[in-house]
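Both counts, for ligands and for their atoms, begin at 1 and track the order of listing.
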Amino acid sequence: MSETVLHEVADGVATITLNRPEVLNAQNAELMDALRDSMLAVESDPAVRAVLLTGAGRGFSAGADLAARGSGGTTDPGETLRRRYHPLIECMRRMPKPIVTAVNGVAAGAGMSLALAGDIVLAGESATFLQAFSKIGLVPDAGSTYFLPRLVGDVRARALAILADRISAAEAERFGMVWKVYPDERLIDEARSLAGHLAKMPTRAYGLIKVALNSSSDNSLSDQLELEAVLQSEAGQGEDFREGVAAFLEKRAPRFTGR
Ligand code: T3D
């Protein structure tokens with residue numbers, strides 16, 4: 001078991017912590033393999049109904065480990081992406097339960113891509129975001145060219161990718177990349193509290209919401225309306241739908257089981 005990623009499950013929440021604080025959680029092969037294995041494990045674990053992803057120390061993640069790569073190295077970065085990053089990012093997007101990313105410091109390069117792959121992105125007020133790729137002669141990867149234009153629009157996505165300016169959490173929130181910014185000392189408690197709340201909510205419906213939203217920007221209106229109907233048929237057969245309606249009619253709090 002690698003120490004580069006901490007994985008703990010309690011009360012329906014899997015907390016995954018990137019754990020190479022001495023290098024701002026830069027992503028070497030060991031960390032990426034451990035992170036992928038953690039995400040795949042929670043995807044199929046019925047005891048997990050929400051995921052919290054954060055970083056140890058003063059950074060969220062500084063992206064790919066450049067020291068491991070040395071002065072360019074012989075490894076084709078495209079192959080590294082296909083082998084290590086794509087299975088992870090795709091797993092996060094299809095994960096049938098919500099992922100909260102708590103960005104506790106700098107999120108650079110593929111570290112920023114990882115942060116944006118979450119469903120609800122929270123940040124500490126001293127967190128920063130940086131499309132570091134072009135500074136070292138690379139192109140944004142690990143989903144950044146997919147997530148960024150959809151989140152912030154084409155004008156900002158281009159400027160962020162080309163200029164590679166380091167932006168603050170407040171700017172990231174203003175641009176629509178971050179849901180909420182908290183004082184640094186409150187971030188992890190707020191993130192835990194949110195993930196704990198989500199773990200008691202209708203997990204199956206959340207998974208279906210993700211399916212709908214993941215398809216939205218590539219679908220026509222007709223296709224999206226039909227997809228909503230298909231997903232609603234599925235949600236409508238769920239125990240949580242029956243419980244939600246019963247709780248409303250009985251004027252009490254619902255007790256969702258996630259089924
Ligand atoms: O093949 C493939 O892997 C393809 C995939 C590519 C995806 C990518 O992510 S490419 C982009 C890689 N990331 C970067 O280019 C960012 C490099 N880091 C920085 O620009 C800065 O460190 C930060 C802006 C992120 C933070 O700056 P600052 O001043 O807060 O911290 P620092 O002093 O630069 O870093 C602290 C330590 O972490 C330092 O180590 P030291 O000197 O104390 O021993 C530094 O070397 C180390 N560190 C930071 N980033 C990385 C790193 N070590 C290895 N790889 C890093 N990416």
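For Gln27, no heavy-atom contact with ligand 1 is shorter than 4.0 Å. Contacts of Thr75 with ligand 1, taken as heavy-atom pairs under 4.0 Å, are absent altogether. Here Leu130 has side-chain heavy atoms under 4.0 Å from ligand 1, and that is the only part of it that gets that close. At a 4.0 Å heavy-atom cut-off, ligand 1 touches Asp65 through backbone and side chain alike. Heavy atoms of Lys135 found under 4.0 angstrom from ligand 1: none, in either backbone or side chain. Looking at Ala110 against ligand 1, both its backbone and its side chain come within 4.0 Å, counting heavy atoms.
Remark: Arg150 qualifies as a cation-pi partner of Tyr146 under the 6.0 Å distance and 45° angle criteria applied to the six-membered ring.
Considering both main-chain and side-chain atoms, Ala64 comes within under 3.5 Å of ligand 1 through a nitrogen or oxygen pair. Where the criterion is an N or O separation shorter than 3.5 Å, residue side chain and backbone included, Asp141 fails it with respect to ligand 1. Looking at Ala62 next to ligand 1, an N or O pair under 3.5 Å apart turns up.
Within 6.0 Å of CZ in Arg83 there are more than 12 heavy atoms belonging to other residues, nucleotides or ligands.
Protein heavy atom in closest approach to atom 36 (C) of ligand 1: Arg58 NH2, 3.6 Å.
Atom CG of Asp141 is separated from atom CZ of Arg82 by 11.5 Å, given to the nearest 0.5 angstrom.
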